[in-house]
Amino acid sequence: MKISSAARTVSAVLLASFVCSSAVFAAKPSVKLRILGSYDHGAFARSAAEIVAHDPATQRLFVINAEDSSIDILDISNPADPVANLPAIDIAAYGDQANSVDVCNGVVAAAVQADVKTDDGLIVFFDTAGNFLKSVEAGALPDMITFTPNCEFALSANEGEPNSYGQADSVDPEGSVTVVDLRNGVANATAKQATFEDFADEDLDSSVRIYGPGATVAQDIEPEYIAVDHNSKTAYVTLQENNAIAVLDIRTATFTAIHGLGFKDYTDPKFKLDASDRDVAGSSNNGIYNVRNWPVFGMYLPDSIAAHKYKSDTFLITANEGDARDWPGFAEEARVGSLTLDQPSFAAKGYSDVSTNTTGLRHNDNLGRLNVTRTLGNTDGDPEYEELYTLGGRSFSIWTTDGEQIFDSGFALEQITYAAAPLFFNASNDDNAFDSRSDNKGPEPEAVTIGKAFGRTYAFIGLERTGGIMVYDVTNPYEVEFVQYINNRDFTKAIDSADAKDLGPEGIHFISEDDSPTGTPMIAVANEVSGTTTMFELVQVK
């Protein structure tokens, strides 16, 4: 591994500015996260801890364990020592596995996919001891579930992924959101399916991606995650692969709008990225820290979303992970080095050579290794690409409910993680290799949640690949401030050992001081790769 002198300079400046260690990187000493304790679910790289929810009355966590097709129940009365002292909830009787869980007023809701993924799944309700209460039908592949703040409705994002395209057995279900009405109690719960059948491709913003071969709009849309406004009337649904957010009227179970999110222009000084994992000439597996501008557009493709009320308005905070479709019959991604680029188009952007020699744009030192979509950028239908679009924003963003962006973290996540652990920059969650994810979505912000503490509102963003939690003060969404980066990962240990600690944060749940077992605000983080659930407390810094 090489680290350039320029990169060392960047790191030194950042370290001088922000007090940093390998675990904690703090810029604003008002609050900080502190690790309390962790529970190991016992399976590495098998999704043994994905999504986590909390019940304040019993001080129990409910954690999705896909490996065991169960929901583990943890007692966090002592958050420094979470224990599983109740039997897990067995999901096998209801389907293949649970993908998500939430809790409200003593009721646990689980989104359960069918044994055949393209069939309709279920929303299953339990009490907090794990006893079955009720199930209702959901759409295909219910992937995320949430209660409204008033607990009157439960909503599931039904992703409706295909099994393939253009094959004899291809099935591409419609994406949808299931709206479960709980106003008459769980025993009398009823469900409606909100679909996208009334939307036509020609009516959508051009940055809304409808591109599955032969798919209708309703089939192509894949709801990923849901946030609900403070009055429990409107939900906002990320359509990750489609690069959009849909607006749902909860009581009528009707989508009222789809907002395309546009594209990030990496020629803008505010937006930069490290585009290669092999940007050392002559090397086959080596890189340098090289965050800079490139002639590339980024698709935001958000995963998680949170709703934040500021004054009288609602704002939406997204973790811009990125995702591609790669199914039998259709593969979306390609490396830039495998594509033919239109020389005049890139010369107009200041790149006179697109060849694969040592100076050309398609060389590994430059953009050759970067993963991009094949579905955008070929504007005239010939074999050459005039533009390049990479997957994910490597950032988190704040939007109005009409889809107008008012904040983006730019390239700060790559800057901060490099300064915190310069020998393991852009490492993945299944290796400790420097620069290994630079060609493919970088740190990959996956999870986001918000919480109010000490009179302020904080966003917590989980980085799926390099790991760790970013903390930002988003009280005023127009004046966002970085607070801390903390990573409970030991890069010096074998990746598949318990000593490596937390790998692959997938879900974050905020626990307010009123709901906390200690009276101190906390977050619980479910880590998919390490199979650990870790408790952090948020404390004020004097």
Answer yes if the side chains of Y225 and D303 hold a donor-acceptor pair under 3.5 Å, and no otherwise.
no

How about D229 and K309: do any of their side-chain heavy atoms sit closer than 4.5 Å?
no

About how many Å separate CG of D365 and NE2 of H363, when rounded to the nearest 0.5 Å?
5.0 Å

Can you measure from CG (N364) to OG1 (T356) and round to the nearest 0.5 angstrom?
9.0 Å

Heavy-atom check, side chain of N243 versus side chain of V208, under 4.5 Å:
no

Any side-chain donor near an acceptor of the partner, S436 and D431, under 3.5 Å
yes

Report the C-alpha distance between E332 and Y211 in whole Å, list the side-chain angles of each, state the deciding distance to 0.1 Å, and finish with yes or no for side-chain hydrogen bond (donor to acceptor under 3.5 Å, both in side chains).
CA-CA 10 Å; E332 176 181 358; Y211 65 100; 3.0 Å; yes

Would T492 and D490 satisfy side-chain hydrogen bond (donor to acceptor under 3.5 Å, both in side chains), going step by step from the backbone distance to the final call?
CA-CA 5 Å; T492 68; D490 190 337; 2.5 Å; yes

Measuring only between side-chain heavy atoms, which start at C-beta, is H259 closer than 4.5 Å to V247?
yes

Determine whether the side chains of S438 and N426 contain a donor N or O and an acceptor N or O closer than 3.5 Å.
yes

Tell me yes or no: between the side chains of S395 and N320, is some donor less than 3.5 Å from an acceptor?
yes

Could you check whether D408 pairs with K264 (Lys NZ or Arg NE/NH1/NH2 to Asp/Glu carboxylate O, under 4.0 Å)?
yes

Parallel, tilted or perpendicular: which fits the ring planes of Y266 and F271, with parallel below 30° and perpendicular above 60°?
perpendicular

So for atom NZ, which belongs to K233, do other residues, nucleotides or ligands contribute more than 12 heavy atoms lying within a distance under 6.0 Å?
no

Applying the side-chain contact (heavy atoms from CB on, under 4.5 Å) test to L316, which of I305, D402, T238 qualifies?
I305

Within the structure provided, determine whether Q167 and Y165 are in side-chain contact (heavy-atom separation under 4.5 Å).
no

Hey, can you tell me if F396 and F407 have their rings parallel, tilted or perpendicular (30° and 60° cut-offs)?
tilted

Assess, by modelled atom type and distance only, whether the side chains of T178 and N158 contain a donor and an acceptor separated by less than 3.5 Å.
yes

Test item: side-chain donor near acceptor, T375 and R209, under 3.5 Å
yes

Are the side chains of N371 and R335 in touch, meaning some heavy atoms are under 4.5 Å apart?
yes

For the CG atom on D380, are there more than 12 heavy atoms of other groups (residues, nucleotides or ligands in this structure) within a distance under 6.0 Å?
yes

Examine the side chains of Y300 and Q405 and answer whether a donor and an acceptor come within less than 3.5 Å of each other.
yes

Check the orientation of F315 and Y478. Use parallel for under 30°, tilted for 30 to 60°, and perpendicular for over 60°.
perpendicular

Using a strict threshold of under 4.0 Å (side-chain N to carboxylate O), is an ion pair present between E161 and K117?
yes

Verify the neighbour count for atom NZ of K272: are there more than 12 heavy atoms of other residues, nucleotides or ligands below 6.0 Å?
yes

Plane angle bin for F263 and Y389 - parallel if under 30°, tilted between 30 and 60°, otherwise perpendicular:
perpendicular

Just by distance, with hydrogens left out, do Q240 and E321 show a side-chain donor and acceptor under 3.5 Å apart?
yes

If we ignore angles and hydrogens, is there a donor and acceptor under 3.5 Å between the side chains of E384 and T340?
no

ring-ring contact (aromatic ring centres under 6.0 Å, His included) between F255 and F196: does it pass, once the steps are laid out?
CA-CA 7 Å; F255 286 104; F196 296 89; 4.0 Å; yes

Considering all heavy atoms, the nearest N487-G468 contact:
OD1-N, 3.2 Å

Atom OG1 of T216 and atom CZ of F199: how far apart are they, to the nearest 0.5 Å?
13.0 Å

How many angstroms lie between atom CZ of R437 and atom CG of N429, to the nearest 0.5 angstrom?
7.5 Å

For the residue pair D220 and N242, confirm or rule out a side-chain donor-acceptor distance under 3.5 Å.
yes

With no hydrogens and no angle check, just 3.5 Å: does a side-chain donor-acceptor pair link N357 and T359?
yes

Separation of Y418 OH from D274 CG (nearest 0.5 Å):
10.5 Å

Tell me, do Y236 and L248 make a side-chain contact under 4.5 Å, heavy atoms counted?
no

Between N432 and R489: side-chain donor-acceptor atoms closer than 3.5 Å
yes

Is it true that S530 and N527 share a donor-acceptor pair across their side chains at a distance under 3.5 Å?
no

Among side-chain atoms of Q97 and N99, is any donor-acceptor pair under 3.5 angstrom?
yes

Under a plain distance cut-off of 3.5 Å, with no hydrogens placed, do E528 and S47 share a side-chain donor-acceptor pair?
yes

Between K270 and D268, does any side-chain N to carboxylate O distance fall below 4.0 Å?
yes

Is any side-chain heavy atom of L413 less than 4.5 Å from a side-chain heavy atom of P445?
yes

Donor-acceptor under 3.5 Å (S304 side chain, E446 main chain)
yes

Going by distance alone, is a donor N or O of one side chain under 3.5 Å from an acceptor N or O of the other, for T267 and W294?
no

Hey, could you give me the CG/CG distance between D496 and D430, rounded to the nearest 0.5 Å?
10.5 Å

Is F434 close to D277 at the side-chain level, that is, under 4.5 Å between some pair of heavy atoms?
no

T457-T475 side chain donor-acceptor pair, cut-off 3.5 Å
no

Face-on cation placement of K349 at Y351 ring, 6.0 Å and 45° thresholds:
no

Assess R325 against F330: is NZ or CZ under 6.0 Å from the centre of the six-membered ring, and within 45 degrees of the ring's axis?
no

